[in-house]
Protein chains: 2
Amino acid sequence: MLEGTSTYVNMVTVDVKQIDVCCAPVVASPLSDAEAEELAAAFKVLSDPVRLRLFSLIAADPEGEVCACEVVDVLDRSQPTISHHLKVLHEAGLLDREKRGTWVWYRAVPARLAGLREALSPPRRRR
Amino acid sequence: MLEGTSTYVNMVTVDVKQIDVCCAPVVASPLSDAEAEELAAAFKVLSDPVRLRLFSLIAADPEGEVCACEVVDVLDRSQPTISHHLKVLHEAGLLDREKRGTWVWYRAVPARLAGLREALSPPRRRR
DNA sequence: CTCTAACATCGACGTAGATCGATATATGAC
DNA sequence: GTCATATATCGATCTACGTCGATGTTAGAG
């Protein structure tokens with residue numbers, strides 16, 4: 001839900017996937033091919049150090065949001081590279097994006113992170 | 001600690017690094033360069049669908065351990081490819097490895113998964 | 001010893017992706 | 001309108017890595 005991508009009719013539409021809780025716990029039962037693809041794609045987004053630092057920078061910010069202009073100079077990468085990584089994080093549902101005038105502000109999406117954490121959760125205790 | 005890798009003597013052994021809790025929560029404070037590198041490397045291991053299915057297959061097994069010979073035919077990959085992925089998972093500390101005769105048995109390492117889950121945890125509540 | 005099966009290693013190939021400079025687009029100031 | 005700044009897109013380059021066939025290694029059976 002949310003994030004509607006294309007509305008009702010979506011013919012091909014590779015994604016729609018990423019959204020939401022993402023996946024059942026890896027440890028609970030063997031992942032299907034589709035589940036594995038989806039989860040792997042999510043972790044791939046987190047598998048780059050620059051993206052991790054970008055996300056961390058924004059998620060840990062006391063104001064709760066950060067202007068892109070602030071992070072461009074912090075890490076040792078060019079502006080196009082930073083822009084690229086922010087886009088990847090946004091498309092993965094990890095960052096919310098809001099344009100105000102010339103600037104773009106980013107906020108972390110805690111629910112998305114929680115979804116990934118769920119996938120790493122231990123199985124339900126049996127009694 | 002734990003995770004002794006090969007028993008006492010292990011000569012070359014590139015790692016030793018990865019071990020343990022891995023990283024402070026991403027959301028708590030901005031990651032350092034080193035922390036980001038380490039965490040990214042960990043997530044990279046989980047960013048391949050075949051590896052995820054392999055790990056899931058083993059972690060979800062009721063016996064708690066799985067022979068490599070059982071998983072070779074399950075996924076649609078060659079034996080060298082499966083062997084490669086099992087090695088990556090083992091070196092990342094996600095799988096324990098025990099050779100018995102001709103066969104090799106793998107077990108999931110829950111603590112390692114918990115470490116990664118920690119890194120995705122929300123920050124401590126303030127009061 | 002020979003033979004066979006399980007697993008690992010090697011080398012090569014193909015694709016994905018991180019990076020940058022150049023350039024395009026958008027917004028506000030003047 | 002012009003100009004400057006913030007951000008996005010494009011195209012090219014370089015490297016990382018998933019994959020496989022061929023081959024090597026180890027272990028048990030006979």
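Lettering follows sequence order; numbering is per chain, from 1. All heavy atoms count here, side chains included; hydrogens, waters and symmetry mates do not.
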Taking any heavy-atom pair under 4.0 Å as a contact, classify H85(B): base, sugar-phosphate, or nothing.
sugar-phosphate

When rounded to whole Å, the CG to P distance for the pair L89(B) and dC17(D) reads 14 Å

L54(B) CG to dT19(D) P, in whole Å, measures 10 Å

Side-chain contact check for P80(A): nearest option of dT19(D), dC20(C), dT7(D) is dC20(C)

Y106(A) OH to dA6(D) P, in whole Å, measures 15 Å

Exercise. Is there a side-chain contact between L31(A) and L39(A) (heavy atoms, below 4.5 Å)?
Worked result: yes

Flag, side chain of R112(A) to backbone of A92(A), donor-acceptor distance under 3.5 Å: yes

Any side-chain N or O of H84(A) under 4.0 Å from OP1/OP2 of dA18(C)?
-> yes

Problem - 4.5 Å side-chain heavy-atom contact, R53(A) and P30(B) - result: no

Side-chain donor/acceptor of Q79(B) to base of dA8(C), under 3.5 Å:
yes

Taken in chain and number order and not counting sequence neighbours, the residues that satisfy side chain to side chain contact (heavy atoms under 4.5 Å, CB included) with E98(B) are R100(B), R107(B)

When rounded to whole Å, the NZ to P distance for the pair K99(A) and dA26(C) reads 8 Å

To the nearest angstrom, the NE2-P distance between H90(A) and dT7(D) comes to 15 Å

Which of dA18(C), dC7(C), dG17(C) is nearest the side chain of K44(A)? It is dG17(C)

C69(B) has its side chain closest, among dA6(C), dA26(C), dC20(C), to dA6(C)

Rounded to whole Å, CG of D73(A) lies from C1' of dA6(D) at a distance of 12 Å

(Q) Less than 4.5 Å apart, side chain to side chain, heavy atoms only: is that true for L113(A) and F55(A)? (A) yes

In whole angstroms, the gap separating C1' of dA16(C) from CG of D48(B) amounts to 12 Å

(request) Please work out whether the ring planes of Y106(B) and H90(B) are parallel, tilted or perpendicular, with thresholds of 30° and 60°. (result) perpendicular

Q. So does T81(B) get a side-chain nitrogen or oxygen closer than 4.0 Å to the phosphate oxygens (OP1/OP2) of dC20(D)?
A. yes

R77(B) has its side chain closest, among dC20(D), dC20(C), dC7(C), to dC20(D)

Comparing S78(A) with R100(A), nearest DNA chain C nucleotide closer to 5' gives the residue S78(A)

With 3.5 Å as the limit, what N/O pairs link the protein to nucleotides 2-5 of chain C?
none

Out of dC17(D), dA8(D), dA18(C), minimum distance to the side chain of R97(A) belongs to dA8(D)

Here the distance between atom C1' of dC7(C) and atom CD of E70(B), to the nearest Å, is 15 Å

Residue pairs meeting salt bridge (charged side-chain N to carboxylate O under 4.0 Å, His left out), one or both in residues 66-76 of chain B, sequence neighbours left out, come to none

message = Less than 4.5 Å apart, side chain to side chain, heavy atoms only: is that true for V27(A) and L120(A)?
response = no

- Please state whether the phosphate of dT7(D), meaning OP1 or OP2, lies under 4.0 angstrom from any side-chain nitrogen or oxygen of K87(A). no

Testing dT7(D), dC20(D), dC7(C) for proximity to the side chain of V104(B), the answer is dC7(C)

Check every strand shown and say whether V50(A) touches a base, only sugar-phosphate, or nothing at a heavy-atom separation below 4.0 Å. sugar-phosphate

